[in-house]
2 protein chains.
Amino acid sequence: MVDERVMGDPRSGRPAPDAAASVRDESLPDVLSTNAPHPAVDIRAILFTVADGALLVALGEHDPGWGLPRGEPSPLDTLDVAARRIVREGTGLQEQYLEQLYTLSVRDAPDWTIIVGYMALVCSGQAPPPPLAGLWHDVTALPQLSHADQMVIDYALVRLRAKLGYTNIAFHLLPQTFTLSELQGAYETILSRRLDKRNFRRRVIASGILFPTSEKRRDGSHRPAVLYRFRADDDHETYLTPPWAEGA
Amino acid sequence: MVDERVMGDPRSGRPAPDAAASVRDESLPDVLSTNAPHPAVDIRAILFTVADGALLVALGEHDPGWGLPRGEPSPLDTLDVAARRIVREGTGLQEQYLEQLYTLSVRDAPDWTIIVGYMALVCSGQAPPPPLAGLWHDVTALPQLSHADQMVIDYALVRLRAKLGYTNIAFHLLPQTFTLSELQGAYETILSRRLDKRNFRRRVIASGILFPTSEKRRDGSHRPAVLYRFRADDDHETYLTPPWAEGA
DNA sequence: GCAAAAGTGTTGTGTATACACCCATGG
DNA sequence: CCATGGGTGTATACACAACACTTTTGC
């Protein structure tokens, strides 16, 4: 079932001096009849969403079992555009955010494939079209997946969690208007950790990236919540934020 | 000269909704005789070093002008391993650090290529073997390069500068033992900004990632400097460091 | 003894955390 | 009137930035 041989680990930035050796010992040639053509290039996209307290991943039915949406790039498109197409085709959904993750080389039986991993986010509000029920799987209880798919998912999780801290990425998981509690809930779900309400609100308000609408939401026997909306701009602005900016 | 059409920008994490359209209008098919085979996959590596106050990039002579070291991956190797090989072959140097940057799809005349960008670092001490003089170019005064090469360089710079802040990446640019002033100099060169000596030393000492040797270096008519060495471990440990870790 | 880089502390300011109660509503 | 989530402020600890002088050596 897990038959792909995955090479390379996105998390390590070290030489890992003997990786070559350990790979070379494995089952021998097939593809590499020396003048083998180019490898296949395969895009795999992991689409996340958050729904009532769970972080969900979109999977499709594959050869045996489940797998991430995948597809080939086209010479006419950016990889990003191709990835977006693949997400749409594989899930019927239009993602709000897309980010390339990592590229790795996989040798599976006789085939050689370069896998380009992507992460996408959709807001929880978006109703999955009927034919695609059974699409969403809780990330904490996934079925058995290929090694490559699993790797993409693991890495996507690391990136997503890390980016919660220093970007506005979570916004793409929410509908246009939302309450602060909903936003906090998304953070908590992804980090699987509870956050302090007052600190959370202070930070997010102070950051200035969202502003209150005049509407409120009444959805229970309690005080209605103010609905907020994002400022369209600061988005990829707020991305890289190196510390020690000593001089002005 | 700059004839490659580069698609996709590593910095943007946004959908850029109409990228497809803008690309589609351009000069038409060639490669995409529909069942065109797979694209070529091309690794480009940018090798940085720091030498007396300048951040240097290794370039080789190419078709017309200069270019980054490049080469094809092999089915037997990790992309990382292939990139390391390409750095060695293209520069004669053994890098200390290697990191994948970004993958993009490029359509250049009739050819379609997937370019996987890599960044590598070597320590300044490493003497360039004679045949490869004229290898190093100051990053602030580079010759005309292909669009794709330029993109890899720009992005590598962003990543390198950002990572100075939250990782130990700079260590890989220095020889095994070095003075604190040398370390600070490397930071200043890369950031092109002066740093406060006392704050810098306090931080780097407090971080615990390096420890003093018993040797000193006398290299002028002034007080000799203590030589430091890195702790081999915390390296890829210190990588992703998400903020607001509220709970313990 | 002087030039030149190495080395060393304190203080203020901002940012993150911990923590508990009142408010508005529906039933 | 009560249960439910919405909303608010303060005190403390830590991290970062600004800043100037003494030490050791070679010549």
Side-chain angles (χ1 to χ4, degrees), chain A residues 52-53 161-162 164-167 170 174 177-189 191 193-229 238 241-248, chain B residues 52-53 161-162 164-168 174 177-189 191 193-229 238 241-248:
Chain A
D52 37 51
R161 292 199 172 119
L164 275 195
Y166 60 98
T167 70
L174 294 171
T177 65
F178 51 88
T179 68
L180 290 184
S181 295
E182 284 169 340
L183 180 59
Q184 181 176 347
Y187 273 78
E188 292 179 337
T189 297
L191 298 173
R193 180 195 322 165
R194 292 198 54 75
L195 301 175
D196 180 85
K197 204 205 299 194
R198 285 170 288 189
N199 292 336
F200 181 83
R201 293 163 106 92
R202 181 166 347 104
R203 249 195 304 265
V204 78
I205 293 296
S207 79
I209 49 184
L210 46 83
F211 59 97
T213 67
S214 49
E215 306 152 85
K216 298 185 187 234
R217 172 177 302 163
R218 299 163 298 284
D219 68 337
S221 56
H222 52 81
R223 180 172 176 174
V226 172
L227 289 171
Y228 286 80
R229 182 183 297 271
T238 336
T241 327
W244 61 31
E246 272 176 69
Chain B
D52 36 52
R161 292 199 172 119
L164 276 194
Y166 60 98
T167 70
N168 300 333
L174 294 172
T177 65
F178 51 88
T179 69
L180 290 185
S181 295
E182 285 168 340
L183 181 60
Q184 182 176 347
Y187 273 77
E188 291 179 338
T189 297
L191 297 173
R193 180 195 321 165
R194 292 197 53 75
L195 301 175
D196 180 85
K197 205 202 306 192
R198 286 171 287 190
N199 292 336
F200 181 82
R201 292 162 106 93
R202 182 167 345 103
R203 249 194 303 265
V204 78
I205 293 295
S207 78
I209 49 184
L210 46 83
F211 59 97
T213 67
S214 48
E215 306 153 86
K216 298 187 187 230
R217 172 178 301 163
R218 301 162 297 284
D219 69 338
S221 57
H222 53 81
R223 180 169 175 175
V226 172
L227 289 172
Y228 286 79
R229 181 183 297 272
T238 335
T241 326
W244 62 30
E246 271 176 72

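Every chain is numbered from 1, with letters handed out A, B, ... down the list of sequences. Note that these values count all heavy atoms, side chains included, but never hydrogens, waters or copies made by symmetry.
- Close to D:dG5, at under 4.0 Å from its OP1 or OP2, lies no side-chain N or O of A:Ser181.
- With hydrogens and angles left out, the side chain of B:Arg202 and the base of C:dG9 share a donor-acceptor pair within 3.5 Å.
- Note: CG (A:Asp196) to P (C:dA20) measures 10 Å, nearest angstrom.
- By the side chain to side chain contact (heavy atoms under 4.5 Å, CB included) test, B:Glu182 is found to be paired with B:Phe178, B:Thr179, B:Arg217, residues two or more places apart in sequence or in another chain being considered.
- The CG atom of B:Leu227 sits 12.0 Å away from the CG atom of B:Leu210 when rounded to the nearest 0.5 Å.
- For B:Arg201, the side-chain atoms get nearest to C:dG7 when compared with the rest of C:dG7, D:dA18, C:dA16.
- Once rounded to the nearest 0.5 Å, the distance linking CD of A:Gln184 with CG of A:Leu195 reads 5.5 Å.
- For A:Arg202, the side chain to side chain contact (heavy atoms under 4.5 Å, CB included) criterion is met by A:Arg198, A:Asn199, not counting sequence neighbours.
- B:Arg203 has a side-chain polar atom (N or O) that falls below the 4.0 Å cut-off from OP1 or OP2 of D:dA17.
- In this structure the side chain of A:Phe211 never reaches within 4.5 angstrom of the side chain of A:Tyr228, judged on heavy atoms.
- Remark: A:Glu188 engages A:Arg194 in a salt bridge (Lys or Arg N to Asp or Glu O under 4.0 Å) (not counting sequence neighbours).
- For the atom pair CG (B:Leu183) and CZ (B:Phe200), the distance works out to 3.5 Å, reported to the nearest 0.5 Å.
- Look at CZ on A:Arg217: it is 11 Å from P on D:dG7, rounded to the nearest Å.
- Rounding to whole angstrom units, CD of residue B:Glu182 and C1' of C:dA6 are separated by 12 Å.
- Rounding to whole angstrom units, CG of residue B:Asn199 and C1' of C:dT10 are separated by 11 Å.
- Summary for the helix from C:dG1-D:dC27 to C:dC21-D:dG7: the axes at its two ends, each from 5 pairs, differ by 10° when rounded to the nearest 10 degrees.
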| request: Using a 4.0 Å heavy-atom cut-off, write out nucleotides 21-27 of chain C from 5' to 3' as B (base contacted by protein), S (sugar-phosphate only) or - (no contact). | output: --BBBB-

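- Rounded to a whole Å, the CG atom of B:Leu183 is 16 Å from the C1' atom of C:dA5.
- Between the side chain of B:Asp219 and the base of C:dA5, no donor-acceptor pair of N or O atoms lies under 3.5 Å.
- In terms of the side-chain hydrogen bond (donor to acceptor under 3.5 Å, both in side chains) criterion, residue partners of A:Arg229 (sequence neighbours excluded) are, by chain and number, A:Gln176.
- Rounding to whole angstrom units, CG of residue A:Leu195 and P of C:dC19 are separated by 15 Å.
- Distance B:Phe200 CZ to C:dA5 P: 18 Å, rounded to the nearest Å.
- Rounded to whole Å, atom P of C:dT17 lies 14 Å from atom CZ of A:Arg198.
- The distance from atom OG1 of B:Thr189 to atom CG of B:Asp52, rounded to the nearest 0.5 Å, is 9.0 Å.
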